[in-house]
Amino acid sequence: MSAATGPEPAGHLHINWTRCDGRGICTELLPSLLIRDDWGYPLAADPELAEKSRIPFGRASERDVADAVALCPRLALTVLRPR
């Protein structure tokens, strides 16, 4: 299911690529949401979102997303919630 056609997301994971140094912890914790590029930087696993820095996630992924945000050594991840 594409993010564009799925249910309303619980939030969006924002990647600040300026802060990121490609260690890959987030991609290990969120394999259904993120993949790594050739340099180790996270990209959306959904090809429609690959060039985006805001990746939608569902309720089932909330705990894993929170862990990835908390464990990011460069503080490059932020959760954005719908208003």
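Here the structure is a predicted model, which is why all the values come from computation and not from measurement. Side chains are part of it too, since the values below use all heavy atoms of this structure and drop only hydrogens, waters and symmetry mates.
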To check you understand the geometry: which heavy-atom pair defines the closest contact between Pro31 and Ala45, and what is its length?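 Scanning both residues, the minimum pair turns out to be O-CB, 4.4 Å.
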
Non-hydrogen atoms of Cys20 and Pro42 that approach each other most closely: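 Where Cys20 meets Pro42 most closely, the heavy atoms are SG-CD, 3.6 Å.
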
[atom1]/[X] to [atom2]/[Y] distance, rounded to the nearest 0.5 angstrom?
X	Y	atom1	atom2	answer
Thr18	Arg74	OG1	CZ	10.5 Å
Asp46	Lys52	CG	NZ	11.0 Å
Thr78	His12	OG1	NE2	13.5 Å
Asp37	Thr27	CG	OG1	10.0 Å
Leu77	Asp67	CG	CG	11.5 Å
Leu30	Ile55	CG	CD1	9.0 Å

Judged by atom type as modelled, is there a donor-acceptor pair below 3.5 Å linking the side chain of Arg36 to the main-chain atoms of Arg23?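 Yes; judged by distance alone, with no hydrogens or angles, the pair exists.
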
Give the C-alpha distance, both sets of side-chain angles, the deciding distance and a yes or no for side chain to side chain contact (heavy atoms under 4.5 Å, CB included) between Leu13 and Leu34. CA-CA 10 Å; Leu13 179 65; Leu34 300 173; 4.1 Å; yes

Walk me through it: do Tyr41 and Ile15 pass the test side chain to side chain contact (heavy atoms under 4.5 Å, CB included)? CA-CA 10 Å; Tyr41 290 90; Ile15 303 167; over 6 Å; no

Within a reach of under 6.0 Å around CZ of Arg81, are more than 12 heavy atoms found that belong to other residues, nucleotides or ligands?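 More than 12 within 6.0 Å, yes.
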
